[in-house]
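Keep in mind that what you see is a predicted model, and the values were worked out from it rather than measured. Just so we're on the same page: letters track the sequence lines, and every chain starts at 1.
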There are 2 protein chains.
Amino acid sequence: MKRPSTIKQVAERANVSIATISRALQNPSVVAPETRDRVMAAVAELNYVPNVQARSLRTSRSRVILALVPDITNPFFGEIIRGIERGAFETGYSVLLGDTQHDEAREASYASMIASGQVDGLLTMMPHVPELYYRQRFPIVTVCEYVADSSISRVRTDNPAGIALAVRHLAELGHRQIAYIGGRPDQPISDEREQGFRSTMRQLGLPVSPALMAVGNFTAESGARAAKELLDGGAPFTAICCASDETAVGAMQTLRNHGLKVPNDVSIVGFDDIPLSQYLDPPLTTVRQPTDRLGFEAVSILLEQLRNPKFEPRMLVLPTEMMVRGSTAPPRN
Amino acid sequence: MKRPSTIKQVAERANVSIATISRALQNPSVVAPETRDRVMAAVAELNYVPNVQARSLRTSRSRVILALVPDITNPFFGEIIRGIERGAFETGYSVLLGDTQHDEAREASYASMIASGQVDGLLTMMPHVPELYYRQRFPIVTVCEYVADSSISRVRTDNPAGIALAVRHLAELGHRQIAYIGGRPDQPISDEREQGFRSTMRQLGLPVSPALMAVGNFTAESGARAAKELLDGGAPFTAICCASDETAVGAMQTLRNHGLKVPNDVSIVGFDDIPLSQYLDPPLTTVRQPTDRLGFEAVSILLEQLRNPKFEPRMLVLPTEMMVRGSTAPPRN
DNA sequence: GCACTTTATGAAAACCATTACACCGCGATC
DNA sequence: GATCGCGGTGTAATGGTTTTCATAAAGTGC
């Protein structure tokens, strides 16, 4: 690999000092037009690109942010990442990706990149913040997930309202016996969604039977398993409300295997609106989260925090939207 | 944010020179055990983490690799990224993620991170290499996609063989009129798969009708559109072979909308084996790519190239595997 | 007890850019 | 005509680490 040229070489070539090169690139207006042209010419000839390490060392900012995901394989996170990447790119930042796989050791290891100066801030989709935060107080924004700490900015969807949309939709169709398959119990959003489910049911005067509350972990596999538990439990239900689309997909498979038709025998509602859900059979009725925007807004806030030393943490709650498709119908009386 | 401590502070604390600190951390065996202990204690007390920028500046290696994806939203790439991330993490590297969105300007902009020293090498899932490569010859590995340049290492799946599996499977079931929905025409793998399809058909003595060759772009939406074209074309077929699972999902939807049953009226085979495919209705018969491994092997090769100056580019072709599920059956009558 | 390794440590250069400060020359001001 | 201000530029310090080279101390062999 050819060794890149340095500011010194450019300076020699353009017959000016290195300070002028730096200025011509950072703050062109302060150098005389003709000098600037000469510098630019030299830069072009030598294919000069400033060394980022040197710059970062001097300015102590890396212009890199770290994004931590529990599972990059999940298309839902994929979309958020895209939003993050888009926002970062537009403002000249880049995104270091960490797939923690729900593992705290990995998370901690990534967090140390902040201490080492490799990244300027952290965007986490995990349900907690790294230990290190309490010692170093670095810039951080939680996305989707959140922790109960008002010093931390968060961007998230209105989960209770989202689930309420789903439950109301089912209730309007005439369902009364609605089962629920939750998310990973260790994630606060699972709680939020479950609480949203319970309280909406209550508001509508519908019964919340413990026998109809199943536990999942947001994966299709867990949805399939939970649905089986519901069926085996014997308590009757005409609809299932799921904490994620993938869970819904899994549940639908179990229902099929038991000879039950969706939506005729059982209606299903998902959550997230992953790209594939409209192509399922039947197309999945679901609650859409503004995924791309979630990521985008999160970077915006993080970048603002990086720029503004008097930044006040804030919370942004984005609305959900009901996507009514084919997996829901009135109950077979 | 608290300012991290520097090697100098640690040195004062441990009563040694900064050189000793550096050595104790980089190459512990060369410092006396008791000194080492003292250093380690000081490091722990001050929460010292070496500044990465300074180190990179000095050593001119960043221990970061850049991964370029055309579309991070695609679950197939998500799995590859996971493999990459895993391999990188194990060896102390981290992954900078670039979502190029098939855009060359973005790609070029990311490539400049190499020139700036921000990353040590490039792992690209794009069908071409950045311009810059021809000037700088940096370490690079192409994953999945490839370019016809023997100076570039590549890791990919055996696409023709994969498609051959699919076609043979259909032929064994008795299908003779098999349609094909291809990938984005500007990606070499689309070509490879299409050629694999054509030559296998020929080998089996089956006709390849131009009316049964449709063009897609790997998305579900394109699959739906292409399937419609096939149906509208009027040429009869009993099976469709798709260049990706998502395409297959889209095609299945179109078939349903036209009242056709999968697999009874039309069999469908996908390619990739994305996580959701086994949960579809019917579960999708598909050709599995070893996605995680693709990513993992790619990093291995890239890292080897980074270490070994006499590295010879090489190509690794990974095998595919047929996943027979419910979307294929013998043709009716 | 002497010459000679070996081992452990320190001093200082180097990596490459940014930037505070000083300087120079020149037109404007009183 | 001395002074001021200002645009344009250079000098040199600075950021934090790694690493070469020198040096000091301790160990070896005769």
Applying a 4.0 Å non-hydrogen cut-off, can you work out what Thr35(A) is touching in the nucleic acid: base, sugar-phosphate, or nothing? sugar-phosphate
Counting C-beta onward and ignoring hydrogens, is there a side-chain heavy-atom pair between Gln118(A) and Ser56(B) closer than 4.5 Å? no
Could you check how far NZ of Lys8(A) sits from C1' of dG10(D), rounded to whole Å? 15 Å
Between Ser94(A) and Tyr110(B): side-chain donor-acceptor atoms closer than 3.5 Å: no
Report yes or no: does Thr100(A) contribute a side-chain atom to a donor-acceptor pair with the main-chain N or O of Val69(A) at less than 3.5 Å? yes
Ser190(A) side chain to Asp186(A) main-chain N or O, any donor-acceptor pair under 3.5 Å? no
Using a 4.0 Å cut-off on heavy atoms, which residues in residues 13-22 of chain B reach DNA chain D? List them by number, or say none. Ile18(B), Ala19(B), Ser22(B)
Whole-Å distance separating the CD1 atom of Ile7(B) from the C1' atom of dG15(D): 13 Å
Charged N to carboxylate O below 4.0 Å: is that the case for Asp99(B) and Arg106(B)? no
Range on DNA chain C touched by chain B - first to last nucleotide, heavy-atom distance under 4.0 Å: dA8(C) to dC16(C)
Thr6(A) backbone acceptor or donor facing Gln9(A) side chain under 3.5 Å: yes
Sidechain N-carboxylate O distance under 4.0 Å for Glu145(B), Arg184(B): no
Side chains of Thr291(B) and Arg82(B), donor plus acceptor under 3.5 Å: no
What is the distance from CZ of Arg61(B) to P of dT17(D), rounded to the nearest Å? 19 Å
Taking atom CD1 of Ile114(A) and atom CD1 of Ile65(A), what is their separation to the nearest 0.5 Å? 10.5 Å
Nearest heavy-atom approach of Leu132(A) to Ala111(A) is CD2-O, 3.3 Å
Does any residue of residues 43-59 of chain A have a heavy atom under 4.0 Å from DNA chain C, and if so, which ones, in number order? Tyr48(A), Pro50(A), Asn51(A), Ala54(A), Arg55(A), Arg58(A), Thr59(A)
Base dG10(D) to side chain Arg23(A), donor-acceptor N/O within 3.5 Å cut-off: yes
Smallest separation among heavy atoms of Val95(B) and Ala88(B), with atom names: CG2-CB, 3.7 Å
